[in-house]
Amino acid sequence: MTEIATPADEAEAHAVQDELRGLVVHDEPGPPPGTGLVTGVDVAYDDERDMVAAAAVVLDAATLAVVEEATAVGRVAFPYIPGLLAFRELPTVLAALAALRSDPGLVVCDGYGLAHPRRFGLAAHLGVVTGLPALGVAKNPFTFSYEPPGARRGDSSPLLAENGEEVGRALRTREGVKPVFVSVGHRVDLATACAHTLRLARDYRLPESTRRADALCRRALREATA
DNA sequence: GCGACAG
DNA sequence: ATCTTGTCGC
């Protein structure tokens, strides 16, 4: 898969995002929920040792069974700057995806896609660079606002930008628990993205894909560090 | 200028 | 993200 060039500074990173944003595809419904493969990706850091580990876990969308796993380790190439998360996470994530034998299918990212200051978050960036359908599921609303969705699993409410634009949805995956924040990345629409997220979050608040990827990248970091 | 801010 | 014990509940 393609490489991610590390920007020299913040202005250059913005320029890259502004250019790639035009390549995002928003008019495809995306893969039907519950069929094919879904791949979760996540990253863990050891800033002390300047190391990063990424994991990609492929799941059977119907059963949520693990089909394949891959990891990659590398050096931290970019600092954490809100709005520029992709430059920090994607290089290693792409390496993990490249190590996969399976076609990843739909990629589920830990963070945002469209819901982003320049409408080009992590999931959109990953989608454009790989060509794969991708969506983002975040644990926090970032700078966006929302009214709490209904109490039942599956209830949702719009995630709104300052100008009132709907950039995603707050989706309740568990009763009595804080919602997750879903936004489209590439080649998937918002309704389909929410449907996938709900199916993946069958047993816990977060999608099984990100839970599995989170556990795996932490383990990979431990083993690379030890 | 200050604070807020996905992971 | 990461630093971190116990604790309440199914």
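Values in this document were obtained by computation on a predicted structure and should not be read as measured data. In what follows, chains carry the letters A, B, and so on, assigned in the order in which the sequence lines appear, proteins first and then strands, with residues in each chain numbered from 1. Computed over heavy atoms, backbone and side chain alike; hydrogens, waters and symmetry mates excluded.
- Between A:D50 atom CG and C:dT2 atom C1' there is a gap of 15 Å when expressed in whole angstrom units.
- One atom, CG of A:L122, and another, P of B:dG7, lie 10 Å apart when rounded to the nearest Å.
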Output, in order, the C-alpha distance, side-chain angles, deciding distance and verdict of side chain to side chain contact (heavy atoms under 4.5 Å, CB included) for A:R153 and A:R174. CA-CA 5 Å; A:R153 167 176 158 78; A:R174 300 284 285 177; 5.6 Å; no

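- Put simply, CG on A:D46 is 10 Å from C1' on C:dT2, counting in whole angstrom units.
- Across the protein-nucleic acid pair, A:H125 atom NE2 and B:dG7 atom C1' stand 16 Å apart, rounded to whole Å.
- Aromatic pair A:Y146/A:F181: centroids less than 6.0 angstrom apart.
- Applying the 4.0 Å criterion to OP1 and OP2 of B:dA6, one finds that A:K139 has every side-chain N and O outside that range.
- Between A:D214 atom CG and B:dA6 atom P the separation is 17 Å, expressed in whole Å.
- Distance, A:L221 CG to B:dG7 P: 18 Å, rounded to whole Å.
- No contact: A:A115 has no heavy atom under 4.0 Å from any strand.
- Shown here is A:R49, whose CZ atom has no more than 12 heavy atoms of other residues, nucleotides or ligands within 6.0 Å.
- Among the heavy atoms of the strands lying under 4.0 Å from A:Y45 are primed sugar atoms or P, OP1, OP2 only; no base atom is included.
- In this structure, A:G136 reaches neither bases nor backbone, as no heavy-atom distance under 4.0 Å exists between it and the strands shown.
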Given A:V16 and A:F87, is the side chain to side chain contact (heavy atoms under 4.5 Å, CB included) satisfied, shown in steps? CA-CA 10 Å; A:V16 170; A:F87 298 103; 4.0 Å; yes

Might you work through the side chain to side chain contact (heavy atoms under 4.5 Å, CB included) test for A:H125 and A:F120, ending with a clear yes or no? CA-CA 6 Å; A:H125 204 140; A:F120 194 68; 3.4 Å; yes

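- A stacked arrangement is not assigned to A:F181 and the six-membered base ring of B:dA6, the conditions of a centre distance below 5.5 Å and an interplanar angle below 30° not being jointly met.
- Within the 4.5 Å cutoff, the side chain of A:L126 has no heavy atoms near those of the A:L122 side chain.
- The residue A:L159 sits apart from the nucleic acid: no heavy atom pair falls under 4.0 Å.
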For A:S156 and A:L171, what are the C-alpha separation, side-chain angles and deciding distance, and is it a side chain to side chain contact (heavy atoms under 4.5 Å, CB included)? CA-CA 4 Å; A:S156 70; A:L171 177 65; 4.0 Å; yes

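- Atom pair A:E48:CD and C:dC3:P shows a separation of 9 Å (rounding to whole Å applied).
- Ranking C:dT2, B:dC5, B:dG7 by closeness to the A:L85 side chain, first place goes to B:dG7.
- One finds no side-chain N or O of A:R88 lying less than 4.0 angstrom from the OP1 or OP2 phosphate oxygen of B:dA6.
- In this model, the phosphate group of B:dC5 is not approached by any side-chain N or O of A:N140 to a distance below 4.0 Å at OP1 or OP2.
- Looking at A:R211 and A:D42, their side chains never come closer than 4.5 Å, going by heavy atoms from C-beta outward.
- Of the candidates B:dA6, B:dC5, C:dT2, the closest approach to any side-chain atom of A:T143 belongs to B:dC5.
- For DNA chain B, no neighbouring residue in residues 144-154 of chain A is found when judged by any heavy atom under 4.0 Å.
- In this structure, NE2 of A:H116 is placed 13 Å from P of B:dG7, rounded to the nearest angstrom.
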